[in-house]
There are 2 protein chains.
Amino acid sequence: MSENKVTIADVAREAGVSKGLVSFALNDRPGVSAESRVRILEIAERLGWTPSLRARSLSTRRSFALGLVIARDPEVLGSDPFFPSFIAGVETVLAPQGLALVLSVVPDETTEMRTYRALVSDGRVDGVFLSDLRHNDPRIPLLQELGLPAVTLGRPDTKSPFPCISVDDTPGVAETVRYLVSLGHRRIAHVAGSPALLHGSRRRAAFDTALREAGLPAGQSIETDFSVAAGADAARRLLTQDSPPTAIVFANDPMAIAGLGVAHELGLRVPDDVSITGFDDIDFTRYVYPALTTVRTAPSDWGRAAGRTLLDLMEHGTAPDVDLPAGRLVIRGSAGTPVRP
Amino acid sequence: MSENKVTIADVAREAGVSKGLVSFALNDRPGVSAESRVRILEIAERLGWTPSLRARSLSTRRSFALGLVIARDPEVLGSDPFFPSFIAGVETVLAPQGLALVLSVVPDETTEMRTYRALVSDGRVDGVFLSDLRHNDPRIPLLQELGLPAVTLGRPDTKSPFPCISVDDTPGVAETVRYLVSLGHRRIAHVAGSPALLHGSRRRAAFDTALREAGLPAGQSIETDFSVAAGADAARRLLTQDSPPTAIVFANDPMAIAGLGVAHELGLRVPDDVSITGFDDIDFTRYVYPALTTVRTAPSDWGRAAGRTLLDLMEHGTAPDVDLPAGRLVIRGSAGTPVRP
DNA sequence: CACGTTGTCTGAACCGGTTTAGGCCAACCT
DNA sequence: AGGTTGGCCTAAACCGGTTCAGACAACGTG
């Protein structure tokens with residue numbers, strides 16, 4: 001009762017033509033007279049015909065679905081609103097095309113590679129989004145070998161046949177550092193993300209560069225896995241040492257928020273005793289105290305751009321890279337003039 | 001090159017038997033001699049045969065995929081780690097079965113209903129998870145009409161043909177209120193979630209009941225949409241009135257964290273001037289200051305249970321409801337003895 | 001008038017599985 | 001011996017589309 005009952009054969013019989021002609025008319029391809037076309041369409045409409053995705057899949061060898069495989073520690077995944085927003089953005093372009101999004105959340109990299117292979121050998125998706133790019137990312141040659149169209153979220157550090165959607169984190173980090181320096185900070189530390197992830201190491205490199213350009217000595221950096229817990233640990237280490245930094249630049253907002261908590265817990269005032277900045281401008285930032293100074297990024301724009309580019313790629317076999325506007329610093333209360341520089 | 005080239009016909013030819021027999025052997029069904037079976041399996045193995053999902057889909061009228069449609073304001077979605085964890089839990093049971101998860105994030109309820117219809121008429125999924133249950137939820141009759149198997153996340157307030165996976169929020173809320181009362185609180189307010197959502201209104205009802213059972217007069221309640229922003233607004237309204245509450249029970253953690261921020265901003269000490277509790281025990285709770293006293297829930301357990309139940313339902317046509325253990329109060333620093341009761 | 005040309009349409013093969021009707025043969029029963 | 005049963009297997013239909021070779025008629029052209 002629920003499944004679509006009327007097939008192309010029903011339409012053909014009703015219209016007194018062959019299946020093939022109906023198919024041509026429905027996909028408006030040449031070789032059908034104007035009268036036949038409207039008559040067939042009219043009959044299909046009247047009979048309530050809808051295409052069978054499964055039949056179409058079998059004969060066209062396409063699945064009309066796109067894939068996203070997320071290999072993140074569930075803890076990190078939960079505190080980071082990137083993916084929900086990204087997916088919402090992707091959907092806005094997939095839904096109108098009748099495409100579905102197949103999502104896999106996997107625990108580790110081995111499973112991740114296996115998942116891509118399975119998606120391909122099942123013919124489950126026609127293309128994938130590659131996120132959380134890593135150094136020398138093994139997924140790029142894998143997907144190339146598998147012949148699966150893909151777009152990368154971020155610019156890979158190796159040769160890649162796939163279009164990429166990227167946003168330069170450097171200006172945001174640089175702007176943050178310049179702002180802190182302008183407030184009088186000289187001992188600025190960085191709580192970096194995972195060095196294995198490109199956006200982790202790039203933000204860190206941007207931080208180092210920014211300090212150098214400000215004429216300051218290299219600052220302290222602590223590597224983390226981007227998790228809230230790791231952010232808290234890093235903040236505690238930085239703030240409990242002798243002559244702690246007067247400002248800490250966190251590589252993402254969840255860690256920065258944990259940093260705020262640690263500062264409070266240690267009896268430090270923010271921003272008087274220590275300034276704190278984040279990255280991403282997640283919703284929480286506005287409502288913690290003090291509100292977090294951070295760099296605004298737009299994950300749902302990424303999603304839209306990535307979706308459009310992947311469609312382009314699948315349709316034309318090629319698609320240009322997209323550079324999204326760099327994030328700008330959003331100034332709130334968590335960074336200020338140090339009372340004891 | 002990527003697509004699976006070897007078909008069941010190749011195996012049949014190589015084995016010198018018919019397609020049908022190969023199919024029987026591969027699905028180990030009766031009617032195949034032991035020798036033939038091992039020979040066919042051996043040959044399929046040697047040839048590297050893998051089933052074509054698409055062909056199987058067409059002939060069995062199944063899609064080997066399950067659906068999840070999320071209709072939430074992106075803002076609320078982003079700050080709430082429920083779905084990432086839930087999905088991770090679901091995956092642990094789907095992946096071993098070779099099932100995929102099709103995810104839709106839609107902006108509103110109208111689109112949501114349309115999405116379900118599309119999923120069914122495309123035959124895109126074999127079953128769905130129904131989350132964020134609403135009062136008199138229109139999706140239940142819709143799915144019933146569409147004949148799509150489903151499990152509900154939470155117990156519906158109307159007659160439902162579907163198994164449900166539920167957890168009783170009442171004990172957690174009750175425990176929270178009793179704890180606050182035991183600390184000496186008498187003016188306890190509630191920042192409720194959306195009254196349209198069952199878990200929103202149930203937590204609120206549990207709150208009212210708990211106060212009554214403690215012999216206290218009805219407390220103040222403010223309805224919200226579960227968003228961080230709404231939580232902050234509610235907290236501000238509660239705390240800036242004459243004789244504000246000494247404790248606020250928030251219906252979820254993101255709002256509670258926003259509440260902490262508002263309290264700080266108003267110059268109130270937590271928990272001395274106002275105690276704050278949350279619900280869900282998201283990762284942030286441990287790392288804000290003071291750490292949030294909240295009720296622990298386990299979204300990935302929900303995911304696992306929901307996945308198993310949906311598989312059961314699809315296989316046997318029926319599946320029992322599952323009651324997950326109620327969340328327990330996790331005591332941290334954000335609630336304490338009121339200094340001015 | 002014979003000859004392409006063009007436009008419209010049909011029939012059948014095809015995608016790669018599942019499923020059913022029925023054939024054949026050996027074993028068993030009376 | 002003849003009839004029944006059951007195990008093993010094949011051929012063909014089927015799921016519902018797409019696609020291609022070719023039939024046929026109308027048309028213009030030299």
Side-chain angles (χ1 to χ4, degrees), chain A residues 1-41 43-45 47-65 98 120-124 126, chain B residues 1-41 43-45 47-65 98 120-124 126:
Chain A
M1 59 174 62
S2 65
E3 285 277 336
N4 174 30
K5 291 284 330 171
V6 22
T7 76
I8 227 176
D10 298 324
V11 177
R13 191 174 331 104
E14 182 77 8
V17 297
S18 69
K19 271 174 62 179
L21 196 67
V22 174
S23 177
F24 281 144
L26 259 11
N27 299 328
D28 53 24
R29 289 155 53 132
V32 186
S33 71
E35 313 93 87
S36 298
R37 164 159 297 135
V38 302
R39 190 163 48 88
I40 290 171
L41 292 183
I43 288 175
E45 168 76 24
L47 262 41
W49 176 85
T50 58
S52 157
L53 199 67
R54 300 206 256 254
R56 215 205 287 257
S57 277
L58 180 58
S59 60
T60 61
R61 298 155 164 285
R62 298 199 296 141
S63 56
F64 306 96
V120 169
S121 82
D122 285 356
R124 190 73 91 160
D126 300 326
Chain B
M1 55 175 64
S2 65
E3 283 280 336
N4 173 32
K5 290 283 334 170
V6 21
T7 76
I8 227 176
D10 298 323
V11 177
R13 191 173 333 103
E14 182 78 8
V17 297
S18 69
K19 271 174 60 178
L21 195 67
V22 174
S23 177
F24 281 145
L26 292 169
N27 299 328
D28 53 24
R29 290 156 52 133
V32 186
S33 70
E35 312 93 87
S36 298
R37 165 159 297 138
V38 302
R39 192 163 48 88
I40 290 171
L41 292 182
I43 289 174
E45 168 76 25
L47 262 42
W49 176 85
T50 57
S52 157
L53 198 68
R54 300 205 256 253
R56 214 205 288 259
S57 278
L58 180 57
S59 61
T60 62
R61 298 153 165 288
R62 299 199 297 142
S63 56
F64 305 96
V120 169
S121 83
D122 285 356
R124 190 73 91 162
D126 299 325

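Residue numbers start from 1 in every chain, and the chains themselves are labelled A, B, ... in the order their sequence lines are given, proteins ahead of strands. Just so it is clear, the model here is predicted, and its values are computed rather than measured.
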[N], OP1 or OP2 - any side-chain N/O from [X] closer than 4.0 Å?
X	N	result
B/Ser52	C/dG16	no
B/Arg56	C/dG16	no
A/Ser18	C/dT10	yes
B/Trp49	C/dG16	no

Revision key, fill the gap. dist A/Ile8:CD1 -> A/Leu47:CG (nearest 0.5 Å) comes out at 12.0 Å
Exercise for review: Kindly write out the residues that satisfy side-chain hydrogen bond (donor to acceptor under 3.5 Å, both in side chains) with B/Ser63, not counting sequence neighbours, or none if the list is empty.
Suggested key: B/Asp126
Point to revise | side-chain hydrogen bond (donor to acceptor under 3.5 Å, both in side chains) partners of A/Ser36, counting only residues at least two apart | key: A/Ser33
Review point. Is the backbone of A/Pro51 close enough, under 3.5 Å, to the side chain of A/Arg56 for a donor and an acceptor to pair up by distance?
Key: no
Review point. Does B/Ser23 use its side chain to pair, donor to acceptor, with the backbone of B/Lys19 at less than 3.5 Å?
Key: no
Interatomic distance, [X] [atom1] vs [N] [atom2] [rounded to whole Å]:
X	N	atom1	atom2	answer
A/Ile8	C/dA12	CD1	P	18 Å
B/Leu26	D/dC9	CG	P	14 Å
A/Arg54	C/dT18	CZ	P	14 Å
A/Ile40	C/dT10	CD1	P	8 Å
B/Leu58	D/dG16	CG	C1'	6 Å
A/Arg62	C/dC14	CZ	P	22 Å
B/Asp28	C/dT18	CG	P	12 Å
A/Asp10	D/dG17	CG	P	9 Å

By side-chain contact (heavy atoms from CB on, under 4.5 Å) - contacts of [X] (at least two apart):
X	result
A/Leu53	A/Phe64, B/Asp122, B/Arg124
B/Arg37	B/Asp28, B/Val32, B/Leu41
B/Ser18	B/Leu21
A/Arg13	A/Asp10

**Study point:** Rounded (10°) bend between the five-pair end axes of the helix from C/dC1-D/dG30 to C/dT30-D/dA1
**Key:** 60°
Practice item. Assign A/Ser23 to base, sugar-phosphate, or nothing according to its heavy-atom contacts below 4.0 angstrom with the strands shown. Key: base
Check your understanding: For DNA chain D, whose closest nucleotide is more 5', that of B/Arg39 or that of B/Ala55?
Key -> B/Arg39
Practice item. Identify the heavy atoms of A/Ala15 and A/Ile40 that sit nearest to each other, and give their distance. Key: CB-CG1, 4.3 Å
Review point. For the residue pair B/Leu26 and B/Ala44, what are the closest heavy atoms and their distance?
Key: CD2-CB, 4.1 Å
Practice item. Measure from the side chain of B/Asn27, starting at C-beta and using heavy atoms only, and say which of C/dT18, D/dT10, C/dC15 lies closest. Key: C/dT18
Practice item. Go through the N and O atoms of the side chain of B/Lys19 and the base of C/dG16, and report whether any donor-acceptor pair is under 3.5 Å. Key: no
Check your understanding: Can you give one letter per nucleotide of nucleotides 20-25 of chain C, 5' to 3': B if a protein heavy atom sits under 4.0 Å from the base, S if only from the sugar-phosphate, - if neither?
Key -> B-----
Review point. Do A/Trp49 and A/Val22 come within less than 4.5 Å of each other through their side chains, counting heavy atoms only?
Key: no
Check nucleotides 4-8 of chain D against the protein and report each pair of N or O atoms closer than 3.5 Å, with its distance, or say if there are none.
none

